[in-house]
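Read through the structure below, which is laid out as structure tokens, and then see the notes.
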Amino acid sequence: MNNVWKLYAARFFQSLIPAYVIERLFWEARGMTIQQVVYTEILYAATIVLLEVPTGILADRYGRKKLIVLAAALGCLEFLILIYAQTFWHFATVVVLAGVAAAASSGAENALLYDSLRRHGQEALFERKLGRLYALDFGAAVLAALSGGWLAGRYELELNYWLSLLGAAAGLGFALLLVEPSAPAEARDETIPIRRYVAESLRFFRSRSDVRLILAAAMLTGAAIDFVDEFWQLYLDRFDVPLAWFGPFSAALLALRMPGGLLADAMRRRFRYASPLAVSLAAVAVCLGVAGFAPGLGGAAALLGACLAAGLVEPLSAGYLHHRIEGPMRATIDSFRSLADNGVATAIGLGFGWSAARWDVFGGYGFLAVVCAAFLLYFLPAAGRLKER
């Protein structure tokens, strides 16, 4: 089994965890308040922001496998704590561990995948392999969502956490089997000052306007889909959709992103990068516009359409970035991209929250549609001048 398949297996078992499907129910069973839930979400976001770049530097200095194994081990610890958690501080600890794990794996996984392919002269397949990885993630999440809800209805809630712990342990086992790809000696030179990693990464982004443009389109699209994931339940609730439909709708939101991941490489080979991203951004803007300005069951269907259109964005943008990184700082640069993702999502979230407060969730989706459409007007002429060098 080569590195790519080991990474596939590790991610599958780490995604095949039904615990968070019933996370809020479990919190309520333990007496958590909404305010405390908000505190845990803030802790999670703050942990990622603080550790995103440092963990990327560690991955470049000491090896990507070590950070991936650390993330998998922390995932096991999370669920072990959840099984016995009783107080707010138990849950706060779990959230911090989850943030550390997310930061540790974000840059390291893409860097290890790319370098594993490059080791065999197959780096041109990066988008294909990454697209399959994301499709596998979504498939496992769909299975987890459906099975987790069913298990929660028939058995004790803690059973989901025991199953999640088993899945996390299996993911850790496959992570331990990964092989660190060979890299230039400089990549493992622990005497390189940390400030150099930061300076070189910032210099890379300043000198590549084409990378900034492609990533900006991906970040905006990703931020918009994040709010579909967060608030679709509220949208359906406004039209008294029966709760029995919530599970299938949630599964559809995830499953519809799988085709995009699988087709990303073919789209890139035929149309390059800018055109598919422009089409995806336009489709997301139209779908969110329908959801926001023509609310109803048709708007709910449009949310599904937005997820279908967004499926190829992440593999394409990550591929565009990694094909243009030279030198040993691949994980650090990718971590800067993840940090910027969080910054864009936060900025967009402020506008979404303000609009939703005035015009309910429909106003929030309308705001996202307007922002996506406005950026598209800038992206199209800029992409026309883009030299995908």
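Quick note: numbers below take in every heavy atom, side chains included, and nothing from hydrogens, waters or symmetry partners. Treat the numbers as computed from the prediction; the structure is a model and nothing was measured.
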Using the rule given for side-chain contact (heavy atoms from CB on, under 4.5 Å), can you reason through L70 versus L67, listing the C-alpha separation, both sets of side-chain angles and the distance that settles it, and then say yes or no? CA-CA 5 Å; L70 172 64; L67 272 294; 4.3 Å; yes

Would F205 and L321 count as a side-chain contact (heavy atoms from CB on, under 4.5 Å) if you check the C-alpha gap in whole Å, the side-chain angles of each, and the deciding distance to 0.1 Å? CA-CA 10 Å; F205 286 110; L321 172 66; 4.2 Å; yes

Might you work through the side chain to side chain donor-acceptor pair (under 3.5 Å) test for Y114 and Q122, ending with a clear yes or no? CA-CA 9 Å; Y114 191 91; Q122 298 179 332; over 6 Å; no

Let me see the working for L308 and R257 under side-chain contact (heavy atoms from CB on, under 4.5 Å), right down to the final yes or no. CA-CA 5 Å; L308 176 64; R257 279 172 255 192; over 6 Å; no

Apply side-chain contact (heavy atoms from CB on, under 4.5 Å) to R128 and R269, showing your working. CA-CA 10 Å; R128 181 185 303 176; R269 292 178 182 275; 4.0 Å; yes

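Under the 4.5 Å side-chain contact rule for hydrophobic residues, V279 and Y273 do not share a cluster. L125 and L316 fall into different hydrophobic clusters, where Ile, Leu, Val, Met, Phe, Trp and Tyr side chains are chained together by heavy-atom contacts under 4.5 Å. The hydrophobic cluster containing V100 does not contain V69, counting ILVMFWY residues as joined when their side-chain heavy atoms lie under 4.5 angstrom apart, directly or transitively. Placement of Y8 and V179 in two distinct hydrophobic clusters is found when ILVMFWY residues are connected by side-chain heavy-atom separations under 4.5 Å, directly or transitively. Note: the hydrophobic cluster containing I348 also contains V49 (ILVMFWY, side chain heavy atoms under 4.5 Å, direct or indirect links).
Residues V211 and F204 are in side-chain contact: their nearest non-hydrogen atoms beyond the backbone lie under 4.5 Å apart. L58 places none of its side-chain heavy atoms less than 4.5 Å from the side chain of P54. At least one side-chain heavy atom of W232 sits less than 4.5 Å from a side-chain heavy atom of S250. Using a 4.5 Å heavy-atom threshold, the side chains of W245 and L236 count as separate. Here the side chains of P328 and D60 are not in contact, with every heavy-atom distance at 4.5 Å or above. Looking at heavy atoms from C-beta onward, E123 lies out of side-chain contact with D115 at the 4.5 angstrom threshold. At a threshold of 4.5 Å between non-hydrogen side-chain atoms, the residues L202 and F336 count as touching. Annotation: side chain of F249 is in contact with side chain of L304 (closest heavy-atom distance under 4.5 Å).
Contact record, S106 with A103: OG-O, 3.2 Å, taken as the closest heavy-atom pair. In this structure, G305 and C287 approach most closely via the heavy-atom pair C-SG, 3.7 Å. Considering every non-hydrogen atom in both S355 and G363, the closest pair reads CB-O, 3.4 Å. Contact between I214 and S317 at its shortest, heavy atoms only, is CG2-CA, 4.1 Å. Listed here is the closest heavy atom pair of S280 and V313: CB-CG2, 3.8 Å. Closest approach of A141 and L254 over heavy atoms only: CB-CD1, 3.8 Å.
With rounding to the nearest 0.5 Å, the separation of CZ in F352 from CD in E230 is 9.0 Å. Summarising the geometry, atom CE belonging to M267 is positioned 6.0 Å from atom CG belonging to L312; distances are rounded to the nearest 0.5 Å. Distance CG/N342 to CE/M219: 9.5 Å, rounded to 0.5 Å. Note that CG of L136 and CZ of R132 are 11.0 Å apart. Values are rounded to the nearest 0.5 Å. For the atom pair S201 OG and I325 CD1, the distance stands at 8.5 Å (nearest 0.5 Å). Of the inter-residue distances, the one linking L112 atom CG with E180 atom CD reads 6.0 Å to the nearest 0.5 angstrom.
No donor-acceptor pair closer than 3.5 Å links the side chain of T332 to the backbone N or O of Y197. Looking only at distances, a side-chain donor or acceptor of R330 sits under 3.5 Å from a matching main-chain atom of H322. With hydrogens and angles disregarded, no donor-acceptor distance shorter than 3.5 Å links the side chain of Y62 to the backbone of I57. When atom types are taken as modelled, the side chain of K65 and the backbone of L176 share a donor-acceptor pair closer than 3.5 angstrom. The closest donor-acceptor contact from the side chain of E200 to the backbone of M329 lies at 3.5 Å or more, if one exists at all. In this structure a side-chain-to-backbone donor-acceptor pair under 3.5 Å is missing from N3 to S116. Side-chain atoms of T221 do not come within 3.5 Å of backbone N or O of A310 as any donor-acceptor pair. A donor-acceptor contact shorter than 3.5 Å links the side chain of N2 to the backbone of W5. Formation of a donor-acceptor pair under 3.5 Å by the T55 side chain with backbone atoms of E52 is found in this model.
Between R337 and E314, at least one side-chain N (NZ, or NE/NH1/NH2) sits under 4.0 Å from a carboxylate O, which counts as a salt bridge. With respect to E109 and R11, a salt bridge is recorded, a charged nitrogen being found less than 4.0 Å from a carboxylate O.
In this structure, F239 places its CZ atom where more than 12 heavy-atom neighbours from other residues, nucleotides or ligands lie under 6.0 Å away.
Note on ring orientation: taking the six-membered ring where Trp is involved, the planes of F13 and F174 are parallel (angle under 30°, cut-offs 30° and 60°). Note on ring orientation: taking the six-membered ring where Trp is involved, the planes of F231 and F227 are parallel (angle under 30°, cut-offs 30° and 60°). Classified by interplanar angle (parallel below 30°, tilted 30° to 60°, perpendicular above 60°), the ring pair Y235/F362 is perpendicular.
Exactly one of W354, F293, Y365, F367 qualifies for a ring pair (Phe, Tyr, Trp, His ring centres under 6.0 Å) with W359. That residue is W354. A side-chain contact (heavy atoms from CB on, under 4.5 Å) with L220 holds for exactly one of L376, L215, V371; it is V371.
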